[in-house]
Amino acid sequence: MATLEQLVANHSTLLLDAMGVLINGNGPVTHAPEFIDYLNHCQKRYFILTNICGDTEHGIYERLRRNGIPLLSAESVISAGSLVRKYIDTVMPTGSTIAFIGPETCRSVLATRSRSIVACGETPFFDALALLDDEGFPFRDTLEAALSSYVCIFETTGNLPRLLLANSDMAYPRTSNSYAFGSGIFATMLSEALMSLLGMSPEVVCFGKPSDRMFAEAQRRSGDRSMMMIGDQLATDILGANRFGITSTLVLTGLNTRQDIDRKPIVPHHVIDDLRIELI
């Protein structure tokens with residue numbers, strides 16, 4: 001069985017999840033700061049691939065730094081929110097109205113030229129809805145406003161705006177022994193409610209892991225296919241890496257356990273207990 005040091009040495013670029021791997025609700029995950037120090041010392045290229053989408057990549061970088069994770073640059077962060085903004089810039093027509101579900105910080109995450117960014121509920125009509133985050137604002141009221149807008153838009157135009165799902169996590173570790181629902185489960189709720197009411201649901205465009213988009217962005221920035229993903233969730237980190245054709249390593253400091261591997265069809269290439277580096 002390969003050691004973590006060997007796995008690092010065998011790959012030119014490392015990809016690391018943030019929640020459950022580097023930080024949790026209590027602060028830094030044990031051994032995570034030392035591991036990033038080790039990568040910095042070795043001049044190993046790495047990116048933080050995070051489904052966090054309620055802040056800009058620079059804001060996420062600052063959050064990780066405040067939690068003791070010694071990242072060298074905000075350019076090492078690839079967030080689902082930034083990929084949604086890129087999609088809006090390149091795919092949505094000029095003059096489109098994009099509504100978002102998330103705290104007010106999401107307005108700056110999606111800020112883009114020639115498209116109007118509004119909080120869900122500010123206007124009954126929009127061309128796409130970006131589901132970003134579910135904390136820090138009256139989420140249930142906002143989700144119900146989105147449901148009402150979808151029905152109104154459908155009755156007026158016969159169409160349903162596409163749903164831009166930044167974070168497809170169904171659940172995530174909030175602290176070392178407590179868990180929270182992720183935005184992915186709320187996208188399912190909205191789609192199922194619309195299917196019940198209208199007999200159809202919107203097109204969902206996914207950006208966070210396990211979508212290929214985040215791994216493709218890491219490949220674009222690095223120019224490298226010799227990548228290894230280190231994550232704590234089988235259904236996002238590991239599944240996404242396996243689908244993209246790169247090495248996957250499950251670290252047991254977050255959501256999934258060794259027992260989960262036996263119960264699920266998603267199999268990582270490697271399993272490690274934590275990010276401890278045994279320096280010889």
Side-chain angles (χ1 to χ4, degrees), residues 4 7-8 14-41 46-74 76-81 102-106 109 132-137 139 166-186 208-210 214 229-238 240 248-261 268 270-279:
L4 180 55
L7 292 174
V8 169
L14 297 187
L15 311 177
L16 298 108
D17 186 26
M19 296 300 297
V21 176
L22 299 179
I23 62 172
N24 57 33
N26 295 325
V29 172
T30 303
H31 304 303
E34 295 83 1
F35 181 70
I36 297 299
D37 265 335
Y38 174 76
L39 299 182
N40 293 338
H41 177 76
Y46 61 86
F47 295 99
I48 312 305
L49 270 58
T50 176
N51 285 359
I52 295 173
C53 47
D55 205 348
T56 63
E57 289 179 345
H58 189 271
I60 295 169
Y61 160 77
E62 293 289 352
R63 176 182 174 182
L64 291 168
R65 293 277 301 183
R66 288 195 302 271
N67 278 273
I69 307 301
L71 303 183
L72 297 179
S73 169
S76 63
V77 178
I78 299 175
S79 73
E104 183 58 28
T105 54
C106 292
V109 173
L132 301 183
D133 204 351
D134 62 304
E135 295 187 335
F137 65 102
F139 175 71
N167 182 353
S168 55
D169 284 353
M170 292 293 182
Y172 62 92
R174 192 185 297 276
T175 65
S176 57
N177 59 1
S178 68
Y179 301 89
F181 290 116
S183 296
I185 205 162
F186 301 118
K209 297 163 292 180
M214 192 165 283
M229 178 74 212
I230 301 178
D232 71 302
Q233 294 203 44
L234 291 166
T236 54
D237 306 313
I238 304 307
S248 60
T249 297
L250 179 70
V251 61
L252 303 176
T253 53
L255 188 64
N256 287 132
T257 66
R258 290 187 187 275
Q259 290 71 31
D260 291 327
I261 300 172
H270 305 279
V271 181
I272 56 177
D273 290 323
D274 52 42
L275 294 180
R276 181 196 301 269
I277 288 289
E278 299 289 352
L279 296 176

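The model shown is predicted, which means the values in this text are computed figures rather than measured ones.
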Could you check whether any side-chain heavy atom of Asp274 comes within less than 4.5 Å of a side-chain heavy atom of Thr30, counting everything from C-beta outward?
no
Heavy-atom side-chain contact between Phe186 and Asp134 under 4.5 Å
yes
Which value, rounded to the nearest 0.5 Å, describes the distance between Ile230 atom CD1 and Ile272 atom CD1?
5.0 Å
Indicate the atoms forming the closest heavy-atom contact of Leu64 with Ala18, along with that distance.
CD2-CB, 4.4 Å
In Å, rounded to the nearest 0.5 Å, how long is the span from CZ of Arg276 to OG1 of Thr253?
12.5 Å
Between Asn40 and Pro70 (side chain of the first, backbone of the second, donor and acceptor by atom type, cut-off under 3.5 Å), is there such a pair?
yes
Of all heavy-atom pairs between Ile52 and Arg63, which one has the smallest distance, and what is that distance?
CD1-NH1, 3.8 Å
Go through it in stages, so that I can follow the logic: the residues are Tyr61 and Arg65, the test is side-chain contact (heavy atoms from CB on, under 4.5 Å), and I'd like the CA-CA distance, side-chain angles, deciding distance and then a yes or no.
CA-CA 6 Å; Tyr61 160 77; Arg65 293 277 301 183; 3.8 Å; yes
Pro268 and Leu234 have their tightest heavy-atom pair at CD-CD2, 3.9 Å
Rounded to the nearest 0.5 angstrom, the CG-CG distance for Asp133 and Asn51 is 11.0 Å
In short, Ala235 meets Pro210 closest at the heavy-atom pair O-CG, 3.6 Å
I would like to know whether Val21 and Val29 meet side-chain contact (heavy atoms from CB on, under 4.5 Å); could you show each step before the answer?
CA-CA 6 Å; Val21 176; Val29 172; 6.0 Å; no
Could you go step by step and tell me if Asp17 and Met229 meet the side-chain contact (heavy atoms from CB on, under 4.5 Å) rule?
CA-CA 8 Å; Asp17 186 26; Met229 178 74 212; 3.9 Å; yes
Passes side-chain contact (heavy atoms from CB on, under 4.5 Å), Tyr46 versus Ile36? Steps please.
CA-CA 9 Å; Tyr46 61 86; Ile36 297 299; 3.6 Å; yes
Could you give the distance from CD1 (Ile48) to CD (Glu57), rounded to the nearest 0.5 Å?
11.5 Å
Can you find a heavy atom in the side chain of Leu39 that is under 4.5 Å from one in the side chain of Leu16?
yes
Report the relative orientation of the aromatic rings in Phe139 and Phe137; use parallel for angles under 30°, tilted for 30 to 60°, perpendicular for over 60°.
perpendicular
Quick one: closest heavy-atom pair of Leu22 and Ile69, and the distance?
O-CD1, 3.5 Å
Quick one: closest heavy-atom pair of Leu255 and Asp232, and the distance?
N-OD2, 2.8 Å
Rounded to the nearest 0.5 Å, how far does CG of Leu252 lie from CG of Asp273?
5.5 Å
Does the gap between the ring centers of His41 and Tyr38 come in under 6.0 Å?
no
Give, for atom CZ of Phe47 and atom OG of Ser73, the distance between the pair rounded to the nearest 0.5 Å.
9.5 Å
Is the backbone N or O of Gln233 less than 3.5 Å from a side-chain atom of Asp237, with the two atoms forming a donor-acceptor pair by type?
yes
